[in-house]
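Notes for the one structure printed next.
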Amino acid sequence: MTVRTRFAPSPTGRLHLGNVRAAAFNWLLARQQGGSFLLRIEDTDIGRNVPGGEEMLIEDLRWLGLDWDEGPDIGGPHGPYRQSERDASYARAVERLAASGAAYACFCSEEDLEGEAEDFGEGRTALRYSGRCRALAPSERARRVAAGEPHVIRFAVPEAVSVVEIEDEIFGDISFPTSDIDDFVLRRSDGRVTYNFAVVVDDIEMEITHVVRGVGHLSNTPKQALLFDAFGAPRPVFGHLPTVLGPDGKKLSKRLGATAVAELRSHGYPPDAVLNYLSLLGWSHPEEKEVLTRAELIASIGLDRVGRSDTQLDPEKLRWVAAQHLASEPLAELAAHMRPFLDLARFPGAGEHLEAVVDTLRTRLSTYGDINAHLELLYPPEEEAMEKRRALGADPEVRRVLEAVRARLAAAEVWEAAPLDQAVRAGGADAGVKGAGLFHPVRVLLIGSEKGPDLGKVLASIGRHEAFRRLAQALG
RNA sequence: GCCCUCAUCGUCUAGUGGCCUAGGAUAACGCCCUCUCACGGCGUAGACCGGGGUUCGAGUCCCCGUGGGGGUACCA
């Protein structure tokens, strides 16, 4: 049996990290097993749909590298992949259940049901449907339907089963008494089907073998399991993932900007790092490794090591994971990834020696977008820097050192970090200084601070022209 | 109300009755490396929600409580 998993979001727009985490698990599982991963759009609730939501969602998934084998944009043998386009399937499914007696028309209006309201206490009430239309004679039912009387289609919870047993790969075996499940609505009076019904019909027709989703759906699972049974279809393997909470421990909301995928992308987080971090939410590697490549993730992921308690997003740890991923990237690749984030208006010179710049700054960067925040180190505000350089030039002792260094730099044949570092040291030797007495004034001259990266790297980063320009401000 | 479910350092987690004096990671702090910064290395501090059982022995099993989450919709 080949594994088929799916990600089935409603097109409410940007994906938040909880959803993406579910998508990631499904994708990783499918790739590990050599199976298929499908994308399905659950747009049965019109009120929830956001214009362009599907496009944004697809964009986010693509960026993360979670590619699907069947979906609304590329089609596939089990389409359509948008619930709003699957009316024919749902109609057939309703027929089948009605024919077998597992579903029936109910004519009760919402007002009729009010009378059956149960008091929860504290003013809260619930409508638990008694199933009274279930007792209607088939002929009467047919007559009223034919007469065009408004009705919904309800599922007839089988009287023969007293408990629904769910086997969950993550939460274990759970039983739900059927006495707590009333005859729920399958199709609304306006003809639209409900979520619980649509998912099951879709999962059956799309031959989904593994349903991996958030625990929020665990309570729906018995209803869905009953439907699979009523259709005579095998139940898929279920796996419910613990909830992902925001850094504040509260539920993820759309306005929690920092947790949206699009936000991470715009900040320059590497997609592989995001995937890595997300996989660590609720799951742990058998050897507790935490920095994992995409391939390692595919090889080691599994529902058996997923925990059951809710997890909180930790932006600090995400940054750390991202930094680890950057650290292992080859310099040329890193520079290429950073180029689109470069703010050339602020740092016009940086583009010319990008590789050297990235090499100098890379140990302090966690994301591609971090480059600008640290570029100021190499390109301090001009006015202030100029003042410091003049002050340096005014000190005869310092001036002597800087001149010696400048002479050595002028003689440099290649403008690269290692030889430049040697040149600075040689200049110091010429002037009879070394250590802090040499490096500090040179560093203040170059970047306006005694603290900072190795001077050879700084010189290589700013380039020959800029280096002499800064020297000239002190020495004339 | 009723049903389901969760509970280890601030956070992510390891842990499936003795290996736990509860391990790792992150964040914090300190030391080392180094001209300095960053990286890195080493170290310090920090947790089994509470109460009852079961057992020779419980973070691990059971029950109750507390707290959190979900369902109980013609929401998904």
Side-chain angles (χ1 to χ4, degrees), chain A residues 8-10 12 42-45 47-48 83 106 108-110 113 118-122 124-129 150-154 166 168 171-172 174-177 179-182 184-196 198-199 213-223 240 242-243 245 247 249-251 277 280-291 305 307-321 323 327 360-365 374 377 424-425 428 433-444 447 449-455:
Chain A
S10 355
T12 52
E42 307 215 327
D43 52 358
T44 49
D45 181 15
R48 244 163 119 132
Q83 289 189 333
C106 165
C108 300
S109 66
E110 297 194 41
L113 266 17
E118 261 178 50
D119 196 352
F120 273 9
E122 290 170 33
R124 297 195 55 214
T125 56
L127 303 177
R128 170 174 259 87
Y129 180 64
H151 64 279
V152 299
I153 302 293
R154 287 183 185 272
I166 303 298
D168 189 278
F171 281 82
I174 305 167
S175 347
F176 298 83
S179 54
D180 292 325
I181 305 174
D182 64 355
F184 53 95
V185 172
L186 265 23
R187 194 178 67 194
R188 304 173 172 98
S189 47
D190 65 2
R192 289 156 51 229
V193 292
T194 58
Y195 167 77
N196 281 125
V199 223
R213 72 244 282 197
V215 260
H217 292 281
L218 191 55
S219 309
N220 288 320
T221 308
K223 289 180 182 172
H240 288 91
T243 307
L245 304 169
K250 298 210 184 81
K251 274 190 71 176
Y277 175 72
L280 259 20
L281 252 26
W283 173 82
S284 61
H285 184 273
E287 287 149 35
E288 283 203 79
K289 279 182 69 178
E290 304 204 280
V291 181
R305 290 190 63 83
R308 285 179 287 271
S309 43
D310 292 351
T311 65
Q312 224 168 291
L313 247 18
D314 182 356
E316 295 294 336
K317 185 125 182 189
L318 204 211
R319 277 189 73 75
W320 176 79
V321 171
T360 303
L361 263 20
R362 64 179 302 166
T363 58
R364 19 198 123 210
L365 309 177
H374 291 88
L377 216 146
V424 171
R425 287 171 197 271
V433 295
K434 60 178 180 175
L438 163 66
F439 295 113
H440 286 182
V442 176
R443 188 174 285 111
V444 170
I447 62 173
S449 168
E450 289 182 353
K451 300 182 201 171
D454 295 340
L455 291 175

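Letters A, B, ... are given to chains in the order of the sequence lines, protein chains preceding strands, and every chain is numbered from 1.
Comparing B:U13, B:A38, B:C74 against the side chain of A:T311 picks out B:U13 as the nearest.
Note: CZ (A:R305) to P (B:A14) measures 6 Å, nearest angstrom. The interatomic distance linking A:H374 (NE2) with B:A38 (P) rounds to 10 Å, in whole Å. Separating the CZ atom of A:R213 from the P atom of B:G71 is a distance of 12 Å, rounded to the nearest angstrom. The CG atom of A:L361 sits 20 Å away from the P atom of B:U36 (whole-angstrom rounding). Across the protein-nucleic acid pair, A:R364 atom CZ and B:G40 atom P stand 12 Å apart, rounded to whole Å. Atom CG in A:L377 sits about 12 Å away from atom C1' in B:U36, given to the nearest Å. To the nearest angstrom, C1' of B:C12 lies 17 Å from CZ of A:R319. For the pair A:Y195 OH and B:G71 C1', the interatomic distance rounds to 13 Å; values are reported in whole Å.
In this structure, A:D190 pairs ionically with A:R192, as a charged nitrogen and a carboxylate oxygen lie closer than 4.0 Å.
Across every strand in view, B:U26 sits in a pair with B:G10 that passes the Watson-Crick or G-U test at under 3.5 angstrom. A 3.5 Å limit on both hydrogen-bonding distances identifies B:G1 as the Watson-Crick or G-U partner of B:U72. Across all strands shown, B:U55 remains unpaired; no Watson-Crick or G-U wobble contact has both distances below 3.5 Å. Nucleotide B:C33 has no partner under the Watson-Crick or G-U criteria, as no pair reaches both atom distances under 3.5 Å.
Residues meeting the side-chain hydrogen bond (donor to acceptor under 3.5 Å, both in side chains) test with A:H217, sequence neighbours left out: A:Y195. The side chain to side chain contact (heavy atoms under 4.5 Å, CB included) search around A:N196 returns A:N220, A:K223, A:Q224, not counting sequence neighbours. Partners of A:R213 according to the salt bridge (charged side-chain N to carboxylate O under 4.0 Å, His left out) rule, which considers only residues two or more places apart in sequence or in another chain, do not exist here. In terms of the side-chain hydrogen bond (donor to acceptor under 3.5 Å, both in side chains) criterion, residue partners of A:S284 (sequence neighbours excluded) are, by chain and number, A:R305. Every residue was checked against the salt bridge (charged side-chain N to carboxylate O under 4.0 Å, His left out) condition with A:R362, not counting sequence neighbours, and none meets it. A:F176 meets the side chain to side chain contact (heavy atoms under 4.5 Å, CB included) test with A:I166, A:I174, A:P222; sequence neighbours excluded. A:P242 pairs by the side chain to side chain contact (heavy atoms under 4.5 Å, CB included) definition with A:R21, A:V306, A:D310, not counting sequence neighbours. The side-chain hydrogen bond (donor to acceptor under 3.5 Å, both in side chains) check on A:K434 picks up nothing, with sequence neighbours excluded. Checked against side chain to side chain contact (heavy atoms under 4.5 Å, CB included), A:E450 has the following partners two or more places apart in sequence or in another chain: A:H440, A:V444.
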Anything under 3.5 Å between a protein N or O and an N or O of nucleotides 28-35 of chain B, put it in a table, one pair a line.
from, atom 1, to, atom 2, distance (Å)
B:C35, O2', A:H440, NE2, 3.4
B:C35, O2, A:R443, NH1, 3.0
B:C35, N3, A:R443, NH1, 3.4
B:C35, N3, A:R443, NH2, 2.7
B:C35, N4, A:R443, NH2, 3.2

Show the distances under 3.5 angstrom between N or O atoms of the protein and N or O atoms of nucleotides 63-70 of chain B.
from, atom 1, to, atom 2, distance (Å)
B:G70, OP1, A:K251, NZ, 3.1
B:G70, O2', A:G216, O, 3.0
B:G70, O2', A:S219, OG, 3.1
B:G70, N3, A:S219, OG, 3.2

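What you find for A:C106 and A:R154 is that their closest heavy atoms are SG-NE, 3.3 Å. Taking both residues in full, the closest heavy atoms of A:G282 and A:T311 are given as N-CG2, 3.8 Å, listed atom of the first, atom of the second, then distance.
Here A:L281 lies in heavy-atom contact (under 4.0 Å) with sugar-phosphate atoms only. Counting non-hydrogen atoms under 4.0 angstrom, A:G282 reaches the backbone sugars and phosphates but no base. Nucleic acid contact class of A:V185 (heavy atoms, under 4.0 Å, all strands): sugar-phosphate only. At the heavy-atom level, A:S175 lies under 4.0 Å from the strands shown only through sugar-phosphate atoms. A:K223 comes within contact range of the sugar-phosphate backbone alone, with a heavy-atom separation under 4.0 Å but no base atom that close.
Checking A:F171 against A:P242, the closest nucleotide of RNA chain B that is more toward the 5' end is the one next to A:F171. Between A:Q312 and A:L365, it is A:Q312 whose nearest contact on RNA chain B lies nearer the 5' terminus.
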5' to 3', nucleotides 19-26 of chain B under a 4.0 Å protein heavy-atom cut-off (B base, S sugar-phosphate only, - none) gives ----BBBS
**Prompt:** Going through the checks in order, is the side-chain contact (heavy atoms from CB on, under 4.5 Å) test met by A:F184 and A:T194?
**Reply:** CA-CA 9 Å; A:F184 53 95; A:T194 58; 5.6 Å; no
A:V193 and A:I153: side-chain contact (heavy atoms from CB on, under 4.5 Å), yes or no, with the steps?
CA-CA 9 Å; A:V193 292; A:I153 302 293; over 6 Å; no
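Nucleotides B:A25 and B:A45 have their C1' atoms positioned 16 Å apart, rounded to a whole Å. B:A38 and B:U44: their C1' atoms are spaced 23 Å apart (whole Å). The same atom, C1', is picked in B:G51 and in B:C4; the two are 24 Å apart, to the nearest Å. Taking atom P on both nucleotides, B:C49 is separated from B:A58 by 16 Å, rounded to a whole Å. Separating the P atom of B:G67 from that of B:G41 is a span of 44 Å, rounded to the nearest Å. Look at the C1' atom in both B:C9 and B:G52: the space between them is 26 Å, to the nearest Å. Nucleotides B:C20 and B:U60 place their C1' atoms 11 Å apart, quoted to the nearest Å. Taking atom C1' in both B:G65 and B:G30, one finds a spacing of 43 Å when rounded to whole Å.
Residue-to-nucleotide contacts include no donor-acceptor pair under 3.5 Å from the side chain of A:T194 to the base of B:C74.
In this structure, A:R308 does not reach the B:U16 phosphate: none of its side-chain N or O atoms is under 4.0 Å from OP1 or OP2. Between A:S284 and the phosphate of B:A14, there is a side-chain N or O to OP1/OP2 separation shorter than 4.0 Å.
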